[in-house]
Undergrad: 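The structure follows.
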Amino acid sequence: MVIPKYSDPKTIDTPKDIQFDMLSEHGVNLTYMQAWRAKEKALQFLRGHPADSYSKLPSYLYILEKIYPGSVVKLKKTDDDCFLYVFVVIFTSISGWEYCRPVVVVDGTFLKSAYRKIMLIASTMDAASTILPLAYVVVDSENDAS
């Protein structure tokens, strides 16, 4: 049974909302921490664990190389087989570089998860003033090693 209130993915339920709903609909009084843990368990059930996504990354990169031959894809792991870095340049970006202005812009954003990585994107503009993404990389921090 799908409850319409919970079916909208844009709705963000806080632990306070969960506490109120459980009390009003089921007569169960939850603590804030119980409601918070229930929400985390439900989200993990729906989205999966972040480590599961990282374990699928090598197969995703393999398919990417097969679909776009000539692309540059590098995955670096730690000695205990944990994700460290990934670097991706699609072949169409490589071939389009010769038609672009000789200016490269690098921008980064924080990836909010349990792993706290940073995604950096290198872009440029072509002759028609449209943005061409050149490469993207996910690293642990903005440093020389990464």
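The chain is numbered in sequence order, starting from 1.
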Undergrad: Starting at CZ of Phe20, measure out to CG of Leu30 and round the result to the nearest 0.5 Å.
TA: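 Rounded to the nearest 0.5 Å, the CZ-CG separation comes to 13.5 Å.
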Undergrad: What pair of heavy atoms forms the shortest contact from Trp97 to Pro102, and how long is it?
TA: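 Nearest pair, atom of Trp97 first, then Pro102: CH2-CA, 4.4 Å.
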Undergrad: Looking only at heavy atoms, which two atoms of Lys39 and Ile12 are closest? And how far apart?
TA: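 Nearest heavy atoms, Lys39 then Ile12: NZ-CG2, 4.4 Å.
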Undergrad: Give me the atom names and distance for the closest heavy-atom approach of Ser93 to Leu132.
TA: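 Shortest heavy-atom separation between Ser93 and Leu132 comes out as O-CD2, 4.1 Å.
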Undergrad: Are Leu23 and Trp36 connected into the same hydrophobic cluster when the rule is that any two of I, L, V, M, F, W, Y join if their side-chain heavy atoms are below 4.5 Å apart?
TA: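 No, no single cluster joins them.
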Undergrad: Inspect the surroundings of CG in Asp80 and state if more than 12 heavy atoms from other residues, nucleotides or ligands are less than 6.0 Å away.
TA: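 Yes - once you tally the heavy atoms of other residues, nucleotides and ligands closer than 6.0 Å, there are more than 12.
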Undergrad: Between CG of Asn29 and CD of Gln19, what distance do you get to the nearest 0.5 Å?
TA: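 That separation rounds to 7.5 Å.
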Undergrad: Can you measure from CD1 (Ile118) to CG (Asp140) and round to the nearest 0.5 angstrom?
TA: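 So the CD1 of Ile118 and the CG of Asp140 are separated by 7.5 Å.
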Undergrad: So Pro58 and Leu75, do their side chains get closer than 4.5 Å, heavy atoms only?
TA: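 With C-beta onward as the side chain, the pair touches.
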Undergrad: Count the heavy atoms of every other residue, nucleotide or ligand shown that sit under 6.0 Å from OH of Tyr68, and state whether that count exceeds 12.
TA: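 Count not over threshold, so no.
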Undergrad: Of all the heavy-atom pairs spanning Pro69 and Lys66, show the shortest one and how long it is.
TA: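 Reported closest heavy-atom pair: CD-O, 3.8 Å.
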Undergrad: With clusters defined by side-chain heavy atoms of hydrophobic residues (ILVMFWY) lying less than 4.5 Å apart, directly or transitively, does Met125 cluster with Ile90?
TA: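 Result: no, two separate clusters.
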Undergrad: Hey, quick one: are Val86 and Ile63 part of the same hydrophobic cluster, counting side-chain heavy atoms closer than 4.5 Å, chains of contacts allowed?
TA: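 Looking at the clustering, Ile63 is in the same group as Val86.
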Undergrad: Spell out, yes or no, whether Leu64 and Met119 are grouped together once hydrophobic residues are joined by side-chain heavy atoms under 4.5 Å, including indirect joins.
TA: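 Shared cluster, yes.
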Undergrad: Quick one: closest heavy-atom pair of Val89 and Ala135, and the distance?
TA: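 Reported closest heavy-atom pair: CG2-CB, 3.3 Å.
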Undergrad: Tell me if a side-chain donor or acceptor on Asp17 pairs with a main-chain N or O of Thr14 at a distance below 3.5 Å.
TA: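 Yes.
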Undergrad: Backbone N or O of Glu65 within a donor-acceptor pair of the Ser71 side chain at under 3.5 Å?
TA: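 Such a contact is absent between Ser71 side chain and Glu65 backbone.
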Undergrad: Heavy-atom distance under 4.5 Å between the side chains of Phe83 and Val138, does that happen here?
TA: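 Contact flag for Phe83/Val138 side chains = yes.
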Undergrad: Heavy-atom distance under 4.5 Å between the side chains of Tyr32 and Lys16, does that happen here?
TA: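 The answer is yes, as the side chains (C-beta and beyond) meet within the 4.5 Å cut-off.
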Undergrad: Taking all heavy atoms of Asp126 and all of Arg101, pick out the closest pair and write down the distance.
TA: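 In terms of heavy atoms, the two residues are closest at O-NE, 3.8 Å.
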Undergrad: Hey, is the main chain of Val104 close enough, under 3.5 Å, to the side chain of Thr124 for a donor-acceptor pair?
TA: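 It does not hold such a pair.
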Undergrad: Return the CE to CD distance between Met33 and Glu40, rounded to the nearest 0.5 Å.
TA: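 One gets 9.0 Å once the value is rounded to the nearest 0.5 Å.
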Undergrad: Give, for atom CZ of Phe87 and atom NZ of Lys74, the distance between the pair rounded to the nearest 0.5 Å.
TA: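 These two atoms lie 9.5 Å from each other.
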Undergrad: Taking everything shown except Ile131 itself, do over 12 heavy atoms lie less than 6.0 Å from its CD1?
TA: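 Incorrect, the count does not exceed 12.
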Undergrad: Say whether Val103 and Leu134 are linked into one hydrophobic cluster, either directly or through other cluster members, by side-chain heavy-atom distances under 4.5 angstrom.
TA: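 Not linked; separate clusters.
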